[in-house]
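Each remark here refers to the structure printed beneath this line.
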Amino acid sequence: MDFANLVDQLNAGTILPEGIVLTTLMVIVIGDLIVGRSASRWIPYTAIAGLLAAVVALYLQWNNPNPISFLGAFNSDDLSIVFRGIIALSTAVTILMSIRYIEQSGTALAEFIGIMLTATLGGMFLSGASELVTIFISLETLSISSYLMTGYTKRDPRSNEAALKYLLIGASSTGVFLYGVSLLYGLSGGETQLSAIASAITDANLSQSLGLVISLVFVIAGVAFKISAAPFHQWTPDVYEGSPTPVVAFLSVGSKAAGFALAIRMMNSAFPLLIDEWQFVFTALAVLSMVLGNVVALAQTSMKRMLAYSSIGQAGFVMIGLIAGTEAGYASMVFYLLVYLFMNLGAFTCLILFTLRTGTDQISEYSGLYQKDPLLTLCLSICLLSLGGIPPLAGFFGKIYLFWAGWQAGQYGLVLLGLVTTVVSIYYYIRVVRMMVVKEPQEMSEAVKNYPAVQWNLPGMRPLQVGLVLTLVATSLAGILSNPLFTIANSSIARTPTLQTTVISTHIPAKEQNRG
């Protein structure tokens, strides 16, 4: 193989966005070493600029006629482009909200942003990985960086405890996932590319093999941990409560999006012969996640724990699109994650702002907040109502699209359960809104009574204000002007050959056989 042919097969241009993020990471690390602590004035904005440049590079690669690169290890199709964009955007918004928080905690900002960019790289590569070794290395890059960020505020014992729990449970889930992947490797006769694995298993007529079923269960367990689906959610409440809030914001959007991208690719590329089996397992996970997440959230007194259980419930809703297994189902997943990015990060931005000003995240302490901070009250109310699915906000259209896709695919029980648990979720979201808005001045909490004057000119507060307004506008307008996002979601699925093949050759015949 000559050099020109090798370069052509590597097709390295597909990872230009990741290259931009990696270059930004190196600039930040080297700049911090050379300049020192004063570099914190420009480092966050360099990171955000690099992430936005990566999003532009992703946009320019849209509908790439030759998406396969690195001899089949990476697939830069439109589906991976959308998920990589969601991860990069979530990191950019998270950095905006983290500047003041990290500086006030007394830890180094440059190191924190460096670790977060490393996690972003892992998530972006994971979204396009189509080979077992690439998947595992990307997953570990994301996971190890997440463990480091979780325990970043070393002086806080809750952060240390959260990091230890996350590390122990995460290492166990990685071991389970790796065992499932190793079974796939063995059953396929030593193949590592997902498409080659599926072909080898088909040729060997191993669709009824017990080993393949065990492999499927172990892989789903690893994925379920990443998306914090019940019953693999045990780490979520404790890690969310103990971690620095910006880290929780990233885990709830960026890490979850990477997990769903992995689930879609693994289930459709490696396990097309076991569609009924993986649909059944994911149905059980979705039912447990929706019920447990939304019911337990009712009893929470801490905002971070409430949002932790809320994210478990949201994962259950998104799984409806995966279980549907149709073009509309996958498109509804993409659309919901696009709007979830803004409404969830908006809620965490408000939580950070309130915590910085009062030092507490207890729900009862939000009582009467409207009297002291109308902007924060407005933003948090809109983000929470959007998460609950109140029209005409973005979350309403996201849920409608998911439920419609599930109904079209015949998942009637799942959709009805989703509707019931959505009503439950609206109760605990509106409880916070009512507490902030309706309370009389004399019922104001002690934290709000002592609420400091709103000063946006303090160091690190302007980026937080930008993040607040950005997420508020996006959450409000994404519902009313949702058509462009619908188009992106539908196009990303329609132009992804592997999904089209699976939808046409596997899902539709299976449904027709069931009807017959």
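What you are looking at is a predicted structure, and each value in this text was computed from that prediction instead of being measured.
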Check whether any side-chain heavy atom of Glu131 sits under 4.5 Å from a side-chain heavy atom of Leu194, and report yes or no. no

Determine whether Thr94 and Met116 make a side-chain contact, defined as any pair of heavy atoms from C-beta on separated by less than 4.5 Å. yes

Treating Asn344 as the side-chain partner and Tyr340 as the backbone partner, does any N or O pair qualify as donor plus acceptor under 3.5 Å? no

With side-chain contact (heavy atoms from CB on, under 4.5 Å) as the criterion, how do Phe112 and Val247 come out once you've worked through the C-alpha distance, each side chain's angles and the decisive distance to 0.1 Å? CA-CA 10 Å; Phe112 177 79; Val247 177; 3.5 Å; yes

Nearest heavy-atom contact between Ile43 and Ala110 is CD1-CB, 3.4 Å

Taking Asn450 for its side chain and Glu446 for its backbone only, find out whether a donor-acceptor pair lies under 3.5 Å. yes

Tell me, with the steps shown, if Arg265 and Asp77 meet salt bridge (charged side-chain N to carboxylate O under 4.0 Å, His left out). CA-CA 11 Å; Arg265 205 169 290 280; Asp77 53 21; 3.1 Å; yes

Are the side chains of Met436 and Tyr366 in touch, meaning some heavy atoms are under 4.5 Å apart? yes

Begin from the C-alpha positions of Tyr166 and Asp238 and carry the test side chain to side chain donor-acceptor pair (under 3.5 Å) through to its verdict. CA-CA 9 Å; Tyr166 195 16; Asp238 293 332; over 6 Å; no

Using a 3.5 Å distance criterion without hydrogens, assess whether the side chain of Gln300 forms a donor-acceptor pair with backbone atoms of Val296. yes

Compare every heavy atom of Leu393 with every heavy atom of Ser476, then report the nearest pair and how far apart it is. CA-CD2, 4.3 Å

Gap separating the CG atom of Leu384 from the OH atom of Tyr429, nearest 0.5 angstrom: 7.0 Å

For Phe348 and Leu351, what are the C-alpha separation, side-chain angles and deciding distance, and is it a side-chain contact (heavy atoms from CB on, under 4.5 Å)? CA-CA 5 Å; Phe348 276 107; Leu351 177 56; 4.0 Å; yes

Please tell me if the side chains of Ile15 and Ser76 come closer than 4.5 Å, counting only heavy atoms from C-beta onward. no

With a 6.0 Å cut-off (strictly less than), is the heavy-atom count around CZ of Phe70, excluding the residue itself, greater than 12? yes

Okay, side chain of Ser311, backbone of Ala308: is any donor-acceptor separation there less than 3.5 Å? yes

Reported CG-to-CZ distance for the pair Leu79 and Arg84, which is rounded to 0.5 angstrom: 10.5 Å

Please check if the side chain of Ser172 supplies one atom and the backbone of Leu168 the other of a donor-acceptor pair under 3.5 Å. yes

Exercise: identify the closest heavy-atom pair between His233 and Ser228: CB-O, 4.2 Å

Do the side chain of Ser130 and the main chain of Gly72 share a donor and acceptor less than 3.5 angstrom apart? yes

Could you walk me through whether Ser367 and Ser445 pass the side chain to side chain donor-acceptor pair (under 3.5 Å) check? CA-CA 5 Å; Ser367 181; Ser445 69; 5.5 Å; no

Within a 6.0 Å radius of atom OH on Tyr370, are there more than 12 heavy atoms belonging to other residues, nucleotides or ligands? no

Could you check Glu191 against Leu132 for side-chain contact (heavy atoms from CB on, under 4.5 Å), going step by step and ending with a plain yes or no? CA-CA 9 Å; Glu191 297 288 350; Leu132 296 181; over 6 Å; no

Would you find a donor on one side and an acceptor on the other, under 3.5 Å apart, between the side chain of Glu18 and the backbone of Thr120? no

Arg155 backbone acceptor or donor facing Thr153 side chain under 3.5 Å: no

Glu103 and Arg100 ion-paired at < 4.0 Å: no

How long is the straight-line distance from OG of Ser482 back to CG of Leu338, given to the nearest 0.5 Å? 11.5 Å

In terms of heavy-atom contacts, Ile264 and Asn268 come closest through O-ND2, 2.8 Å

Do Asp373 and Arg357 meet the salt-bridge criterion of a basic N to acidic O distance under 4.0 Å? yes

Spacing of Asn64 atom CG and Asn66 atom CG [to the nearest 0.5 Å]: 6.0 Å

For the backbone of Thr150 and the side chain of Ser159, can you confirm whether one donor and one acceptor N or O come within less than 3.5 Å of each other? yes

Less than 4.5 Å apart, any side-chain heavy atom of Leu96 and any of Leu464? no

Ring centers of Phe74, Phe125 separated by less than 6.0 Å: yes

Measure across Thr471 and Cys379 and return the closest heavy-atom pair with its distance rounded to 0.1 Å. OG1-SG, 4.3 Å

Would you say that Phe232 contacts Leu285 through its side chain, given a criterion of any heavy-atom pair below 4.5 Å between the two side chains? yes

Does the pair Leu472 and Leu468 meet the rule for a side-chain contact (heavy atoms from CB on, under 4.5 Å), with working shown? CA-CA 6 Å; Leu472 173 64; Leu468 193 70; 5.9 Å; no

Hey, mind stepping through Ser105 and Thr107 against side chain to side chain donor-acceptor pair (under 3.5 Å) and telling me if it holds? CA-CA 6 Å; Ser105 71; Thr107 47; 2.8 Å; yes

Would you say the side-chain atoms of Tyr336 and Gln314 include a donor-acceptor pair closer than 3.5 Å? yes

Nearest heavy-atom approach of Ser145 to Ile115 is O-CG2, 3.4 Å

Take Ser80 and Asn75 through the test side chain to side chain donor-acceptor pair (under 3.5 Å) and record every step on the way to the result. CA-CA 7 Å; Ser80 85; Asn75 191 344; 5.8 Å; no

My understanding is that only one of Thr174, Leu126, Ile135 makes a side-chain contact (heavy atoms from CB on, under 4.5 Å) with Glu140; could you say which? Thr174

Do side-chain atoms of Ser386 reach the backbone of Ile382 as a donor and acceptor pair under 3.5 angstrom? no

Is any side-chain heavy atom of Met97 closer than 4.5 Å to one of Leu353? no

Can you confirm whether Tyr185 is buried at OH, in the sense that more than 12 heavy atoms of other residues, nucleotides or ligands lie under 6.0 Å from that atom? no

If I take atom CG from residue Asp78 and atom CZ from residue Phe83, how far apart are they, to the nearest 0.5 angstrom? 12.5 Å

With a 4.0 Å cut-off on N to O distance, would you call Glu241 and Arg305 a salt bridge? yes

Please round to the nearest 0.5 Å and tell me the distance separating atom CH2 of Trp62 and atom OG of Ser492. 5.0 Å

Lys226 side chain near Ser143 side chain, heavy-atom distance below 4.5 Å: yes

Does the pair Lys304 and Asp361 meet the rule for a salt bridge (charged side-chain N to carboxylate O under 4.0 Å, His left out), with working shown? CA-CA 7 Å; Lys304 281 169 89 170; Asp361 73 333; 5.4 Å; no

Would Lys256 count as a cation-pi partner of Phe260, with NZ or CZ less than 6.0 Å from the six-membered ring centre and within 45° of the ring normal? no

Tell me if the aromatic rings of Phe218 and Phe177 count as close, with their centers under 6.0 Å from one another. no

